[in-house]
Asks: 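What follows is a structure written as structure tokens; I'll ask about it next.
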Amino acid sequence: MDSTPLHIGYACINLSLQANKITTNRGMVKKTFTEKGIAYASELALKNVRDLLTIVDWNLEHGFQLFRISSDLFPWASEYRIATLPDFAEIRETLEEIGARPIRLTMHPGPFNHLAGQGKVLENTIKDLEYQSDVFDLMGLKPSHWNKINIHAGGTYGDKAATLARFAKNFSLLSENLRARLTVENDDRPSLYTVTDLVSLYEAIGTPIVFDYFHHSLNPGSQTEEEAFLTAYNTWDVRPVFHYSDSRQEYEDPKARREAHADWLYSAVNTYGREVDIVFESKMKELSILRLRGETIEVVPK
DNA sequence: CGCGGTCAAGCTCTG
DNA sequence: CAGAGCTTGACCGCG
């Protein structure tokens, strides 16, 4: 196992900086949004975006050239256009600065996105995904799978094939830039989508498959890890980003649900001699990777 | 200022 | 049949 991922990263939260209140997840409940409106949303978004720049720079200083950014940078983003925010000028400036950094940024919008959905569900999905793509546009990033916007296929509605066909049909409703960025990931439960299930989607609309090692182990379908890895690998037109985490049940708590991710990382990643970037989805975030490297870092507020 | 109840969205599974 | 969990806990009112 001599092949090291070229870029490694983690998802959304930097625990070292969060200890000093540097975070990109500021939001508000519905009541507050109703009371304070987009002025407050703008204020929170600007703070989130500024802290994202700090996190990106921390990452570069610590050898992380890949980072999944939060999909909650802009609270209640579905209710306004980013360009209408009072702090838009500063927000855009900061996003441009982030986009110019030598780091690969990705997104993983939430589980409410169902591109195969209908009516309101589909409407909300398109709105959310387009907003995420707008953020990458504002960063000045050329649309490609290098900066993936990754989602799951969603529910099955009792019929996987028909649902994937609807997903493919609705894909044509998306903007060109979003279509160029969208990827899909294999699911962790046997009722949902395996890598081979997603191949038909790739054949129909060219969306690369994000291989999640842990999900595959829980829902392998008919493929071995190597087969699924290579199947997914071959759907990419740039270096793939794959996801890795260890099982909480296996390594930390026998009573944990089988889908639960471990806090830390335990086993080595086999990339089968291929060049891939890896997002580690361990609960202890960057700390679990630093620990693997034999580095430690104090997480205490300054 | 720290604590705990509460929180947009959709689907699936668990208890 | 209500609630947890998902990708990632965080907000906010109360004492």
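Below, read A as the first sequence line, B as the second, and so on, with proteins coming before strands; counting in each chain starts at 1. Heavy atoms only: backbone and side chains are in, while hydrogens, waters and symmetry mates are out.
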Asks: Whole angstroms only, please: what is the CG-P distance between A:Asp159 and B:dT12?
Replies: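 Value for this atom pair: 12 Å.
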Asks: May I ask you to check whether A:Asp263 and A:Tyr251 show a side-chain donor-acceptor distance below 3.5 Å?
Replies: no
Asks: With a 4.0 Å limit, can you tell me whether A:Thr125 has a side-chain N or O closer than that to the phosphate oxygens OP1/OP2 of B:dG10?
Replies: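 Result: no.
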Asks: Ring centroid separation for A:Phe74 and A:Tyr80, is it under 6.0 angstrom?
Replies: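 Aromatic pair excluded; centres sit 6.0 Å or further apart.
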Asks: Under a plain distance cut-off of 3.5 Å, with no hydrogens placed, do A:Tyr157 and A:Gln118 share a side-chain donor-acceptor pair?
Replies: no
Asks: Hey, would you say the A:Tyr40 and A:Phe33 ring centroids sit under 6.0 Å apart?
Replies: no
Asks: Show the distances under 3.5 angstrom between N or O atoms of the protein and N or O atoms of nucleotides 13-15 of chain B.
Replies:
from, atom 1, to, atom 2, distance (Å)
B:dC13, OP1, A:Ser191, OG, 2.4

Asks: Report yes or no: do A:Asn219 and A:Arg189 form a side-chain donor-acceptor pair below 3.5 Å?
Replies: no
Asks: For A:Lys36 and for A:Ala11, locate the closest nucleotide of DNA chain C by heavy-atom distance; then report the residue assigned to the nucleotide nearer the 5' terminus.
Replies: A:Ala11
Asks: Expected output check: what is the dot-bracket annotation of DNA chain B, where ( ) and [ ] are pairs inside the strand (brackets for crossing ones), | is paired with another strand, and pairs are Watson-Crick or G-U under 3.5 Å?
Replies: |||||||..||||||
Asks: Using the rule that Ile, Leu, Val, Met, Phe, Trp and Tyr join whenever any side-chain heavy atoms are under 4.5 Å apart, tell me whether A:Val199 and A:Phe242 fall into a single cluster.
Replies: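 The answer is yes; both residues are in one hydrophobic cluster.
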Asks: Side-chain donor-acceptor pair under 3.5 Å between A:Glu185 and A:His243, yes or no?
Replies: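 A:Glu185 vs A:His243: donor-acceptor pair found between side chains.
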Asks: In whole Å, what is the span from the CD atom of A:Glu35 to the P atom of C:dC11?
Replies: 16 Å
Asks: Would you say A:Asn25 places a side-chain N or O within less than 4.0 Å of OP1 or OP2 belonging to C:dA10?
Replies: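 Yes.
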Asks: How would you label the contact of A:Lys285 with the nucleic acid (heavy atoms, under 4.0 Å): base, sugar-phosphate, or nothing?
Replies: sugar-phosphate
Asks: Is the distance from the ring center of A:Phe214 to that of A:Tyr244 below 6.0 Å?
Replies: no
Asks: Donor-acceptor check, side chain of A:Arg104 to backbone of A:His7, threshold 3.5 angstrom: yes or no?
Replies: no
Asks: Which nucleotide in the set B:dG10, C:dC11, C:dT8 lies at the smallest distance from any side-chain heavy atom of A:Tyr157?
Replies: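 Selected nucleotide (nearest to the side chain): B:dG10.
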Asks: Judged by modelled atom types alone, do A:Glu281 and A:Tyr10 share a side-chain donor-acceptor pair under 3.5 Å?
Replies: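 No, no side-chain donor-acceptor pair sits under 3.5 Å.
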Asks: Ignoring backbone atoms, test whether A:Gln18 places a side-chain nitrogen or oxygen under 4.0 Å from the OP1 or OP2 oxygen of C:dA10.
Replies: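 Yes, A:Gln18 has a side-chain N/O under 4.0 Å of OP1/OP2 on C:dA10.
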Asks: Spell out protein contact along nucleotides 4-9 of chain B as letters: B when the base is contacted, S when just the sugar-phosphate is, - when no protein heavy atom is under 4.0 Å; keep the 5' to 3' order.
Replies: ----BB
Asks: Checking contacts here: which listed nucleotide (B:dG10, C:dC11, C:dT8) is nearest the side-chain heavy atoms of A:His108?
Replies: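 Among the listed nucleotides, the one closest to the side chain of A:His108 is C:dT8.
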Asks: Would you say the ring centers of A:Phe211 and A:Tyr213 fall short of 6.0 Å from each other?
Replies: yes
